[in-house]
Amino acid sequence: ESALASVYVQMDFPDQTWPLALSGTLTLPLASASSSPGTLTGLSLTTECNVDHEGYSHCACLSGYQWNASVCSHHQACQMPHNHRPCGCLVFSPAEAGYCQLLPPAPGTLSPNSWVQTPGSTLNLTLVKNHETTDLDWFLRPPGSPTPILLQPGTHVSLTSSPGQAVLRAWRCSRCVSAGEYTCCFEAQGFRWELSQVVKVALQATDVTRLPDQLSILSSTCVGFQLTCCIPSTHLTYTASWSPEEGSRGAPHQSSQCFVLTVQRCPAADTTYTCELQSPGLALLRVPISVTIIQDGDTTCPEDSSAVTWNVTKAGHVAHAPCPANRTGLVERTCGPDGAWEPVRSSCTRTELLALHHRAWLLQAGQGWPAAEVSQILAQLSEQVAVVSSPSDLLALLGTISLLAKVVVDTRIQLPRRALEALLKTTDKVLDMDTSSLWAPAQAQEPSAGSDLLLAVEILARSLCPRDHPFSFSLRNVRLQTQLLGPASPADYRASFSTQPPLQAHIPRRSLAPLGHNGTDISITSLVLQKLDHLLPSNYGQGLGSSLYATPGLVLAISIMAGGQAFNQGEVIMDFGGTDSTSHCVFWDHHLFQGKGGWSDEGCRVQSARANSTSQCICRHLTAFSILMSRNTVPENPTLELLSRVGLGASILALLVCLGVYRLVWRVVVQNKVAYLRHTALLNVVLCLLAADTCFLGAPLLPPGPRSPLCLAAAFLCHFLYLATFFWMLAQALMLAHQLLFVFRQLSKGRVLSLMVVLGYMCPMGFAGAALGLYLPRGQYLGEGACWLNGKGGALYAFVGPVLAIVGVNGLVLAMAVLKLLRPSLSEGPQVKKRHALLGVIKALLVLTPIFGLTWGLGLATLLEEVSIIPHYIFTILNTTQGVFILLFGCLMDKKVSPPT
């Protein structure tokens with residue numbers, strides 16, 4: 001009885017002699033003495049090994065055979081991969097032996113939705129599986145590339161897998177992204193399999209290089225010219241033809257991947273030549289090249305060889321020139337209609353920077369190994385930043401950093417310390433670059449360049465590997481501190497930076513405690529960037545208005561990571577030394593202004609630290625922070641403060657004297673209805689102004705901020721009482737108008753008095769209450785560091801608006817009253833006593849109304865940006881001495897109050 005068996009035998013041959021040895025008779029050794037003799041019916045070679053000088057065998061599988069997956073996992077691969085296949089060649093020690101096994105039928109089929117993709121289409125590559133698969137990966141080897149590239153989910157790639165199939169989908173196909181050999185690698189039936197398909201992508205016009213892309217020729221000197229169109233490496237076969245053929249001699253010929261047309265007789269007029277590229281089964285691709293013929297008498301721009309050689313160009317046309325060596329792009333210059341050259345426009349960018357940008361773009365698209373390549377690109381950027389010499393270079397570098405930040409977020413990789421150091425060195429040099437020659441032109445093309453840099457550096461800085469914490473790094477424009485806190489009861493976080501102004505940050509323990517509940521460590525990154533705030537656009541969110549602000553020259557970005565996630569909520573306290581209490585605590589909101597970014601004060605407030613005259617910012621979220629200071633705001637001025645306090649004191653004293661005078665002469669001055677109503681109104685003005693000045697003088701002693709009930713109450717009372725002062729002046733003016741206009745329809749004293757009380761107290765209460773209810777929920781009621789209305793929101797206008805309106809009404813009433821008293825009619829002329837009383841009202845209003853109007857007109861002017869310090873002094877003097885004016889012109893100037901002379 002006999003049986004057919006497969007036997008694997010290891011045979012050793014001298015170098016280059018094994019084919020001859022196989023031609024002889026082979027005798028198989030017996031397994032034992034009792035074994036039956038065997039007959040060799042066939043011989044197949046499975047494995048080829050080469051032994052190095054140390055006795056190690058480098059073994060590769062021959063066609064049709066493969067290493068078992070378990071053997072692959074336990075042995076090191078050869079330094080040079082065999083045919084670029086994983087597990088194609090393995091290294092065995094002298095004591096080991098291994099052989100490749102016969103591959104069974106493939107456990108699946110790989111097929112695309114189309115073998116030839118058109119630009120912009122979607123490629124679907126489907127693996128139909130017959131067996132269970134594990135460790136499935138996709139690779140792409142572009143045309144002309146020796147090594148395959150790993151594919152993973154990205155902006156252009158999606159990967160899906162189910163028990164029966166796996167699908168790779170690539171969007172927006174183009175030759176430089178999607179063409180090439182696709183390979184699906186997976187493990188099944190104990191083997192590592194590779195199934196491949198070549199996908200071709202048709203060329204588009206932008207893939208074809210035209211030499212030149214536009215040509216201008218003088219008809220008088222033209223002796224012929226050459227046009228060339230070159231195509232990149234592709235799996236498709238293209239043939240070329242040119243049109244028109246008239247005027248050309250010699251057939252087009254192909255040189256490598258370039259198709260050349262030689263024109264030996266110049267055309268008589270402007271002509272567009274077309275390079276027509278045809279590939280079987282695809283639409284004809286037409287690439288035009290325009291040739292402009294300059295006739296005698298045409299307006300032209302002369303030849304110019306200042307920096308780049310510009311040939312004679314016809315007016316209204318655009319001349320093109322190649323970029324210098326090691327740069328890619330295009331240089332353009334327009335010849336104006338008058339024959340004068342316009343400024344040069346260049347998009348030339350260093351080829352190395354473009355290559356790094358393209359690598360980063362491919363990583364985001366889904367091609368490559370982000371864990372390794374992000375660090376490599378950051379290291380190369382730190383070398384290339386020194387040669388940035390144009391706005392396009394800067395934009396390419398900034399774009400690369402932004403792309404790498406997006407890749408880090410999408411793939412959730414972590415950076416080693418050396419990669420972060422390279423990033424910070426690059427950022428430091430970028431912030432030192434010239435603003436006028438580099439940053440300004442770059443931001444003209446890309447307004448969000450500074451904002452994008454801030455976001456990218458912030459993302460990359462917080463992605464440091466946990467094992468590299470704590471980490472501290474300091475350069476002139478960049479300072480970084482990181483700290484790793486344990487999950488169990490994390491302590492307060494504090495960081496300080498020796499910047500100008502000095503900066504300190506503090507995160508209380510209560511904000512960090514909830515993050516440690518899942519048992520993960522908490523990493524906190526504090527990054528200070530100097531000069532970057534000057535590169536951000538001057539955009540201000542709601543609540544900051546349209547004012548222009550200055551920043552202290554630094555931005556503080558704080559990030560918290562726990563469990564691989566970034567946390568943006570939490571209280572942070574920052575001390576910006578050397579800034580006054582009128583500053584705004586702000587953060588950079590990247591979502592404002594259609595993604596261009598802007599400063600916002602939402603969730604932030606200022607708290608003055610009186611002990612060391614610093615501004616303490618308290619914010620309820622984490623991001624990039626800074627301080628805004630009005631460029632025209634008058635700083636803390638001891639002279640103004642002294643004038644304010646002295647003036648308020650004098651005003652309060654004068655009002656008290658006025659009350660004392662009224663106490664003595666009240667019965668003498670109120671002998672008729674008009675006098676009674678006038679002095680009643682003036683008495684209420686005195687009482688309201690006295691209470692308002694007292695409240696305003698004591699408000700600085702209260703703790704500022706919306707969380708202080710006393711500060712809120714003081715601001716509300718000052719608003720109400722100052723408004724009541726003006727509304728009582730309005731009541732006095734309206735009483736005067738009624739007495740003059742309605743001579744025969746007089747109201748009773750009690751009724752007029754009740755109407756004056758309603759106008760003098762209820763109306764200002766309504767305005768003050770509406771301002772409180774409207775602006776307090778928005779955080780726009782109180783000013784920064786003061787118990788008074790916010791001058792940048794609308795709260796202060798709820799005071800200034802009614803005041804100026806009252807001043808305007810009083811002015812109209814005064815004008816009418818003067819005209820009436822100067823030319824009274826016989827029928828309606830007032831009585832003598834009443835006339836004297838009305839004249840007293842007019843005199844008081846005639847003096848006080850302009851003074852009060854000028855005061856708050858100047859007050860409104862001080863809210864504007866471009867104003868000097870002089871209006872601040874005048875406003876302070878007039879505003880704080882209103883009580884003195886009331887004593888002089890409202891009380892003492894009355895003949896019945898003054899002693900007889």
Applying side-chain contact (heavy atoms from CB on, under 4.5 Å), run through Phe497 and Leu554 and close with a yes or a no.
CA-CA 11 Å; Phe497 298 91; Leu554 54 85; over 6 Å; no

Taking the side chain as C-beta and beyond, is there a heavy-atom pair between Ser451 and His590 under 4.5 Å?
yes

Which pairs of donor and acceptor atoms, one on a side chain in residues 801-808, lie under 3.5 Å apart (sequence neighbours left out)?
none

Find the distance between CG (Leu622) and CD (Gln569) and round it off to the nearest 0.5 Å.
7.5 Å

Distance col, row Leu701:CG vs Cys711:SG, nearest 0.5 angstrom, shows 11.5 Å

Distance, nearest 0.5 Å, that separates CZ of Arg462 from CG of Leu527
11.5 Å

Using modelled atom types and a 3.5 Å cut-off, is there a donor and acceptor pairing between side-chain atoms of Gln504 and backbone atoms of Arg494?
no

Solution key, residues 754-768 side-chain donor-acceptor pairs under 3.5 Å, sequence neighbours excluded:
{"unit_1": "Ser754", "atom_1": "OG", "unit_2": "Gly750", "atom_2": "O", "d": "3.4"}
{"unit_1": "Ser754", "atom_1": "OG", "unit_2": "Arg751", "atom_2": "O", "d": "2.7"}
{"unit_1": "Tyr761", "atom_1": "OH", "unit_2": "Asn684", "atom_2": "OD1", "d": "2.7"}

Closest non-hydrogen atom pair, Leu532 against Gly450
CD1-O, 4.0 Å

Among pairs that include at least one residue of residues 764-774, which meet side chain to side chain donor-acceptor pair (under 3.5 Å), considering only residues two or more places apart or in two chains?
none

Determine yes or no for a side-chain-to-main-chain donor-acceptor pair under 3.5 angstrom, with Asn539 supplying the side chain and Gly597 the backbone.
yes

Side chains of Leu535 and Leu454, heavy atoms from C-beta outward: is any pair under 4.5 Å?
no

Atom pair SG (Cys658) and CG (Leu653), whose distance is rounded to the nearest 0.5 Å
11.5 Å

Neighbour count above 12 (heavy atom, 6.0 Å) for Glu602 CD
no

What class does the angle between the rings of Phe716 and Phe720 fall in, given that below 30° is parallel, 30 to 60° is tilted and above 60° is perpendicular?
parallel

Shortest non-hydrogen contact between Ala714 and Cys695, atoms and distance:
O-SG, 3.5 Å

Tyr781 side chain reached by Leu789 side chain, heavy atoms, under 4.5 Å
yes

Quick one: CD1 on Ile618 to CZ on Arg605, what's the gap to the nearest 0.5 Å?
4.0 Å

Rounding to 0.5 Å, atoms CE (Met729) and CG (Leu682) come to a distance of 9.0 Å

For Pro777 versus Gly773, what's the shortest heavy-atom pair and its separation?
CD-O, 3.2 Å

Taking the side chain as every heavy atom from C-beta outward, state whether Trp599 and Trp588 have any atom pair closer than 4.5 Å.
yes

Hey, does the side chain of Asp492 reach the backbone of Arg509 with a donor-acceptor pair shorter than 3.5 angstrom?
yes

Contact check, side chains of Tyr722 and Leu689, non-hydrogen atoms, under 4.5 Å:
yes

For the student: nearest non-hydrogen atoms of Ser526 and Ala495, plus distance
OG-CB, 4.1 Å

For residues Leu659 and Leu687, determine if any side-chain heavy atom of one lies less than 4.5 Å from a side-chain heavy atom of the other.
yes

If we check disulfide (SG to SG under 2.5 Å) with Cys604, which of these qualifies: Cys585, Cys619, Cys617?
Cys619

For Trp728 and Ala681, the nearest pair of non-hydrogen atoms, with its separation, is CE3-CA, 3.7 Å

Decide yes or no for Tyr493 and Ile560: does some side-chain heavy atom of the first lie under 4.5 Å from some side-chain heavy atom of the second?
no

Going through the checks in order, is the side-chain contact (heavy atoms from CB on, under 4.5 Å) test met by Ile652 and Leu690?
CA-CA 6 Å; Ile652 291 173; Leu690 176 62; 3.6 Å; yes

Shortest non-hydrogen contact from Glu571 toward Ile507
O-CG2, 3.5 Å

